[in-house]
Amino acid sequence: MKLENRVAIVTGAAQGIGKAIAEKLASEGATIVAADIQGDLAKETADALGGTSVQVDISKEEDAQRMVDETLSAHGKVDVLVNAAAIVPFVPWDEVDFAYWRNIISVNLDGPYLVSRAVEKPMREAGYGRIVLIASNAFYAGTPNMGPYLAAKGGVVGLTRALATELGKYGITANAVAPGITRSPATLNSPHKDAFDFVQALQAIPRHGETQDIAPAAAFLASEESGWVTGQVIVADAGHIRD
Ligand code: 4PL
């Protein structure tokens, strides 16, 4: 139980990798604030785990702030932020226009920035914090049909390093998990579902990835014992990308 007495906000907790991370952190003893733009599903996650929920659009500065304010009102502190909320697009490059680009960058890069900024103040005051962002191995692989997503996830790696550098002196670490292709609503209800067998052939471990395969890396980075690790990316993808 490496998260006993810890309060953890998990964005994207309605479904997929975010939900699996919320479940894993709860199993390690954390009190969960399940956050998602799909507020009803976030509440279902929270109810199952004995936590609280908040409806939030992470690309809105006021929403990100309200999420943290409500966490402090309900639980008195915030030890951990895991940002799993993201759009997982499959759009051919020739169909990407600037409005679409902006939307993906807004949710997948502005979002992690805004939620990290919102938790920074209470974490600094406490002299303790664990920020865990979700990148993607698609950034390293250059996966097709995800142009703005690749740019945003590369930005998440840069943001992770910036947060680690700027906040280390306050007892706050910042790290990222970069999943490979994972069975979730986002991939299974999109053309990504047809890529699993191709990607499996590139993996060291020959099976399809599940959300539960990603959660333990996030739990480690969310825990106190990871305190000497900061600014890093753990690639959790069955060995798909090897540099
Ligand atoms: C390799 O992050 O990393 C599909 C969909 N394939 O979202 C991803 C790979 C997808 C990925 C991703």
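Atoms considered below: every heavy atom in the structure, side chains included; atoms not considered: hydrogens, waters and symmetry mates. The first residue in the sequence is number 1, and the count goes up from there. Bear in mind that the values here come from a model prediction, so they are computed numbers and not experimental data. Whatever order the structure lists ligands and atoms in, that order sets their numbers, starting from 1.
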Peer 1: Given that the side chain starts at C-beta and the backbone is N, CA, C, O, which of these parts of Met146 lies under 4.0 Å from ligand 1, counting heavy atoms, or is it both or neither?
Peer 2: side chain
Peer 1: Report yes if some N/O of His240 lies less than 3.5 Å from some N/O of ligand 1; otherwise report no.
Peer 2: no
Peer 1: If only atom types and distance count, is the side chain of His240 paired as donor or acceptor with the main-chain N or O of Ile205 below 3.5 Å?
Peer 2: no
Peer 1: Which of the atoms of ligand 1 are close to Thr143, meaning less than 4.0 Å from one of its heavy atoms?
Peer 2: 1 (C)
Peer 1: Hydrophobic clusters here meaning ILVMFWY residues chained together by side-chain heavy-atom distances under 4.5 Å, can you tell me if Tyr149 and Leu188 are in one?
Peer 2: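 The answer is no; the residues belong to distinct hydrophobic clusters.
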Peer 1: Are any side-chain N or O atoms of Ser226 and backbone N or O atoms of Leu221, one a donor and one an acceptor, separated by less than 3.5 Å?
Peer 2: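 Yes; judged by distance alone, with no hydrogens or angles, the pair exists.
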Peer 1: Run the numbers for me: atoms of ligand 1, each under 4.0 Å from some heavy atom of Val88, listed by number.
Peer 2: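 So the atoms of ligand 1 that pass are 5 (C), 7 (O).
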Peer 1: Could you check whether any heavy atom of Val199 sits closer than 4.0 Å to an atom of ligand 1, since that is the contact criterion I want to use?
Peer 2: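 Contact check Val199 vs ligand 1: negative.
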Peer 1: With a 4.0 Å cut-off, would you call Arg66 and Asp57 a salt bridge?
Peer 2: no
Peer 1: Please work out, at 4.0 Å between heavy atoms, whether the side chain, the backbone, both, or neither of Ala138 comes within that distance of ligand 1.
Peer 2: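 Both backbone and side chain.
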Peer 1: For a 4.5 angstrom cut-off between non-hydrogen side-chain atoms, does Leu133 reach Leu163?
Peer 2: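 Leu133 vs Leu163: side chains touch.
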Peer 1: With a 4.0 Å cut-off on heavy atoms, is Tyr149 touching ligand 1?
Peer 2: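 Checking ligand 1 against Tyr149, which is what was asked, there is a heavy-atom contact under 4.0 Å.
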Peer 1: Can you check whether Ile134's main-chain N or O pairs, donor with acceptor, with Lys153's side chain at less than 3.5 Å?
Peer 2: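 Answer holds: yes.
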Peer 1: Just need the protein heavy atom nearest to atom 9 (C) of ligand 1, so name the residue and atom and give the distance.
Peer 2: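 Atom 9 (C) of ligand 1 sits closest to the protein heavy atom Ile181 CB, 3.8 Å.
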Peer 1: Give yes if a backbone or side-chain nitrogen or oxygen of Ser136 is under 3.5 Å from a nitrogen or oxygen of ligand 1, and no if not.
Peer 2: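 Yes.
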Peer 1: Considering only protein heavy atoms, which is closest to atom 1 (C) of ligand 1, and at what distance to one decimal place?
Peer 2: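 Looking at atom 1 (C) of ligand 1, the protein heavy atom closest to it is Asn137 OD1, 3.4 Å.
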Peer 1: Say whether, by atom type as modelled, one donor and one acceptor occur between the side chain of Arg6 and the main chain of Ser223 under 3.5 angstrom.
Peer 2: no
